[in-house]
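See structure below.
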Amino acid sequence: MESTVIYEYIVNKFNKKSLQYREVSHKPEGSCEAISKIRGNIPSQAAKALLMSYKVEGDYLFCLCVVPGDKKLDVKKVAKLVGKKVKMSSIEQVKDKTGCVLRNFFRTLF
């Protein structure tokens, strides 16, 4: 899915529900702390979206985990929910599934 499709999907959902929001254009950042400074909020007001992957019968499946910006994902809880060992998706997997281009910073989170 292209990132523009994801963006349009989210904006359309917000607009359908008449939700108030503001858009902040910025260059890609690698940490919640850095992006929160750019947006003018504290990390606890932000959310981190982490694409996790796991294998079932040789194929990768994915789950998107969203956590508060000042918290860490409990990988063991995610593994318990999906019934498999999970890991952070590769940069290539994230680009393929979301259209988002990540920096290597994300590989160091776990």
Side-chain angles (χ1 to χ4, degrees):
M1 185 179 287
E2 293 293 320
S3 58
T4 55
V5 174
I6 295 169
Y7 166 81
E8 290 169 5
Y9 175 81
I10 293 169
V11 168
N12 287 335
K13 287 282 191 185
F14 283 6
N15 290 338
K16 271 186 168 177
K17 299 278 186 181
S18 299
L19 297 175
Q20 292 183 351
Y21 62 93
R22 71 180 170 101
E23 293 183 53
V24 179
S25 295
H26 55 81
K27 66 179 184 164
E29 264 306 330
S31 75
C32 193
E33 292 78 16
I35 200 64
S36 289
K37 286 180 186 176
I38 291 169
R39 291 188 304 230
N41 63 279
I42 57 176
S44 63
Q45 295 171 321
K48 292 187 271 191
L50 306 169
L51 187 65
M52 306 302 289
S53 61
Y54 57 100
K55 277 190 171 183
V56 174
E57 297 179 7
D59 293 323
Y60 278 104
L61 296 179
F62 300 90
C63 59
L64 183 63
C65 302
V66 181
V67 296
D70 62 339
K71 303 293 182 194
K72 291 189 181 228
L73 178 65
D74 188 332
V75 178
K76 289 180 181 178
K77 285 184 181 178
V78 177
K80 188 174 180 179
L81 285 170
V82 300
K84 298 283 182 181
K85 180 180 176 182
V86 297
K87 64 178 184 173
M88 180 72 85
S89 296
S90 71
I91 291 171
E92 294 78 20
Q93 289 170 322
V94 172
K95 184 173 188 244
D96 180 57
K97 293 296 176 190
T98 69
C100 295
V101 178
L102 302 181
R103 299 183 328 184
N104 283 331
F105 169 84
F106 286 93
R107 297 302 299 154
T108 64
L109 287 177
F110 298 101

Is the side chain of Asp96 donor-acceptor paired with the backbone N or O of Glu92 at a distance under 3.5 Å, no angle test?
no
Do the side chains of [X] and [Y] join up, straight or via other hydrophobic residues, at under 4.5 Å, putting them in one cluster?
X: Leu19; Y: Val24; value: no
X: Phe14; Y: Tyr9; value: yes
X: Leu50; Y: Val82; value: yes

Any side-chain heavy-atom pair from [X] and [Y] closer than 4.5 angstrom?
X: Lys72; Y: Val67; answer: no
X: Pro43; Y: Cys32; answer: yes
X: Met52; Y: Phe62; answer: no
X: Lys55; Y: Leu61; answer: no
X: Gln93; Y: Ser53; answer: yes
X: Cys63; Y: Val78; answer: yes

Can you give me the closest heavy-atom contact between Lys48 and Lys71, atom names plus distance?
NZ-O, 2.6 Å
Minimum heavy-atom distance between Tyr54 and Lys85, given as atom pair plus value:
CB-O, 3.2 Å
Nearest 0.5 Å please: distance from the [atom1] atom of [X] over to the [atom2] atom of [Y].
X: Leu64; Y: Thr98; atom1: CG; atom2: OG1; answer: 9.0 Å
X: Lys97; Y: Leu51; atom1: NZ; atom2: CG; answer: 8.5 Å
X: Lys95; Y: Ser89; atom1: NZ; atom2: OG; answer: 15.0 Å
X: Ile35; Y: Asn41; atom1: CD1; atom2: CG; answer: 9.0 Å
X: Arg22; Y: Arg39; atom1: CZ; atom2: CZ; answer: 8.5 Å

Residues Tyr21 and Asn15: side-chain donor-acceptor under 3.5 angstrom:
yes
